[in-house]
Amino acid sequence: MKRSRWLLAGPALALALLAGACGDDQNPALDNGGGGATTTEAKKAAPKFDAGTTMDTLQKKGSIVVGVKFDQPGFGQNNPTTGKVEGFDVEIAKLIAAGIFGGDADDAESKIQFKESVSKNREPFIQNGEVDLVIATYTINDTRKQVVDFAGPYFVAEQDIMVKKDDNTIKSVNDLNGKKVCTAKGSTSEKNLRAKAANADVTLFDTYSQCAEALTDGRVVAVTTDNTILAGLVQASNGAFKLVKAPFSDEPYGIGLKKGDDAFRDFLNDRLEEIFDNGEWAEAFEETLGKIGLDTPEPPKIDRYTSAGGATGTTGAGGSATTTSTTAKP
Ligand code: GLU
């Protein structure tokens with residue numbers, strides 16, 4: 001992905017101008033430390049981490065395993081032509097990896113092994129050590145915090161409903177009662193649906209792309225999950241589906257990591273704040289979700305919670321932490 005420099009703002013821009021005024025040779029520290037805010041093509045050096053930290057271990061190993069979705073346009077989708085997985089979550093993974101291995105997001109890509117994760121296997125993958133991180137439209141909530149930890153949020157979605165384009169009978173979550181509705185196993189979408197439309201006739205699959213197929217052939221009349229995931233499926237349907245636009249939960253997305261690794265969580269939160277501030281987060285958004293028509297929101301506020309289950313938001317029936325962060329409205 002080509003990364004431009006015009007996104008630099010405030011202190012980063014001032015540093016870049018300063019670096020330019022001083023001459024690059026005279027101030028190499030600024031070249032390497034300004035998050036790309038330089039007048040040369042100098043690459044950001046690999047940082048030095050305390051021995052024994054997860055960041056140090058990963059850096060020495062030279063690779064990181066990240067669980068992402070493979071079938072969600074805009075967030076994590078396997079491109080059969082290139083053989084690469086693409087989307088906003090994938091870009092966040094690259095930016096995190098660049099913070100560990102140095103260089104930029106494109107350099108860091110070669111250090112990442114992307115492992116397909118579906119909704120229900122995200123916690124086990126982290127607990128078993130099959131992945132180092134999960135970045136997969138993964139809602140932060142207190143139930144999940146019992147077994148994993150989260151950095152972030154780095155985005156806040158809302159649960160919504162997708163129907164066929166000529167269906168005008170479903171206008172809100174209440175209208176799902178008595179209807180055949182599809183969502184994914186192990187998701188907050190399932191829990192929220194059961195809490196808000198107790199009489200819905202629920203079909204569960206491992207993935208939302210399977211739900212989209214069920215909507216196409218009439219096995220269900222609606223699919224419910226996060227509005228951003230649905231926006232990608234609507235776009236991929238070439239006009240066959242539409243979003244109802246009746247959101248009924250907040251879904252703050254976090255980076256899942258092994259429970260109790262506080263140094264790693266601090267690093268991830270620091271790195272997220274860095275990419276929020278230096279424009280790389282917004283650029284990643286524009287080049288992925290922006291291309292399916294979503295406006296770039298303000299980055300959310302990082303939640304540096306201190307104890308398990310100690311979310312600053314409240315927990316709804318689906319275990320969804322509610323936050324006040326800005327949400328993109330597709
Ligand atoms: N964000 C929700 C969750 O983490 C729904 C999307 C998904 O299943 O990936 O459960």
Side-chain angles (χ1 to χ4, degrees), residues 66-78 85 87-90 92-93 114-127 131 133-162 173 181-196 202-212 214 222-234 243 247-257 288-289 294 297 300 303 311 313 315-323 325 327-328 330:
V66 182
V68 295
K69 299 291 183 92
F70 272 35
D71 65 339
Q72 290 183 188
F75 279 100
Q77 190 180 34
N78 197 25
V85 58
F88 185 56
D89 283 340
V90 171
I92 296 293
F114 289 107
K115 186 167 173 68
E116 181 173 13
S117 302
V118 296
S119 300
K120 68 177 185 187
N121 65 19
R122 292 173 293 191
E123 287 94 285
F125 271 13
I126 294 168
Q127 290 175 285
V131 298
L133 297 173
V134 164
I135 310 181
T137 58
Y138 196 15
T139 295
I140 303 169
N141 68 35
D142 289 355
T143 309
R144 291 172 176 166
K145 279 186 189 170
Q146 300 303 313
V147 293
V148 299
D149 267 323
F150 289 97
Y154 61 89
F155 181 74
V156 184
E158 295 173 304
Q159 188 164 343
D160 210 316
I161 302 160
M162 179 174 80
V173 64
V181 186
C182 189
T183 190
K185 289 175 198 163
S187 64
T188 55
S189 313
E190 178 197 352
K191 289 183 180 160
N192 295 335
L193 171 64
R194 293 195 192 277
K196 304 234 162 126
V202 182
T203 296
L204 294 175
F205 289 119
D206 282 350
T207 66
Y208 301 104
S209 56
Q210 290 171 295
C211 284
V223 177
T224 184
T225 185
D226 303 339
N227 52 359
T228 39
I229 298 172
L230 296 176
L233 294 172
V234 165
L243 198 60
F248 57 95
S249 77
D250 281 345
E251 304 292 328
Y253 290 174
I255 300 178
L257 71 152
T288 54
L289 295 166
L294 302 185
D303 178 9
T315 302
S320 304
T322 54
T323 76
S325 304
T327 302

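Counting starts at 1 for both ligands and their atoms, in listed order. Counting from 1, the numbers follow the sequence of the chain as shown.
The contact set between ligand 1 and T137, taken as ligand atoms under 4.0 Å from a residue heavy atom, comprises 1 (N), 2 (C), 3 (C), 4 (O), 6 (C), 7 (C), 9 (O). For ligand 1, the atoms sitting less than 4.0 Å from at least one non-hydrogen atom of I229 are 6 (C), numbered in the order shown with element in parentheses. Near S187, meaning under 4.0 Å from one of its heavy atoms, ligand 1 places the atoms 8 (O), 10 (O). Those atoms of ligand 1 with a heavy atom of S119 less than 4.0 angstrom away are 7 (C), 8 (O), 9 (O). Every atom of ligand 1 is numbered from 1 in the order shown, and the set under 4.0 Å from a heavy atom of Y253 is 1 (N).
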Run the numbers on E251 and T139 for side-chain hydrogen bond (donor to acceptor under 3.5 Å, both in side chains), then give the verdict. CA-CA 5 Å; E251 304 292 328; T139 295; 2.7 Å; yes
Step by step, work out the side chain to side chain contact (heavy atoms under 4.5 Å, CB included) result for V148 and R122. CA-CA 9 Å; V148 299; R122 292 173 293 191; over 6 Å; no
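By the 4.0 Å heavy-atom criterion, K191 is excluded from the residues contacting ligand 1. For R122, the closest heavy-atom approach to ligand 1 falls below 4.0 Å. Distances shorter than 4.0 angstrom occur between a heavy atom of S189 and an atom of ligand 1. Within the 4.0 Å heavy-atom cutoff, E190 does not count among the residues contacting ligand 1.
For the residues T188, T224, D89, the heavy atom positioned nearest atom 3 (C) of ligand 1 is part of T188.
The two atoms that bring F205 and A214 nearest to each other are CE1-CB, 4.0 Å, heavy atoms only.
Residue contacts with ligand 1, taken as heavy atom pairs separated by less than 4.0 Å, involve K69 solely via side-chain atoms from C-beta onward. Neither the backbone nor the side chain of A184 comes within 4.0 Å of ligand 1, counting heavy atoms alone. In A136, the part holding a heavy atom less than 4.0 Å from any atom of ligand 1 is the backbone. Of the heavy atoms in R144, only side-chain atoms (C-beta onward) come closer than 4.0 Å to ligand 1.
For an aromatic pair to be called close, the ring centres must be under 6.0 Å apart, and F70 with F114 fails this.
The shortest distance between side-chain heavy atoms of V173 and Q159 does not fall below 4.5 Å. Residues F155 and I92 form no side-chain contact, since every pair of their non-hydrogen atoms from C-beta on lies 4.5 Å or further apart. With contacts defined as side-chain heavy-atom distances shorter than 4.5 Å, the pair L230/V223 qualifies.
Taking A222 as the reference, I161, V163, I170, L176, V181 meet the side chain to side chain contact (heavy atoms under 4.5 Å, CB included) condition, with sequence neighbours excluded.
Looking at ligand 1, you won't find any N or O of Y138 less than 3.5 Å from one of its N or O atoms. Residue T225 places no N or O, backbone or side chain, under 3.5 Å from any N or O of ligand 1. Where the criterion is an N or O separation shorter than 3.5 Å, residue side chain and backbone included, T139 meets it with respect to ligand 1.
The OG1 atom of T225 sits 10.5 Å away from the CG atom of L193 when rounded to the nearest 0.5 Å.
No donor-acceptor pair under 3.5 Å is formed between the side chain of K69 and the backbone N or O of T137.
Counting only N and O atoms by type, the side chains of Y253 and D226 include a donor and acceptor under 3.5 Å apart.
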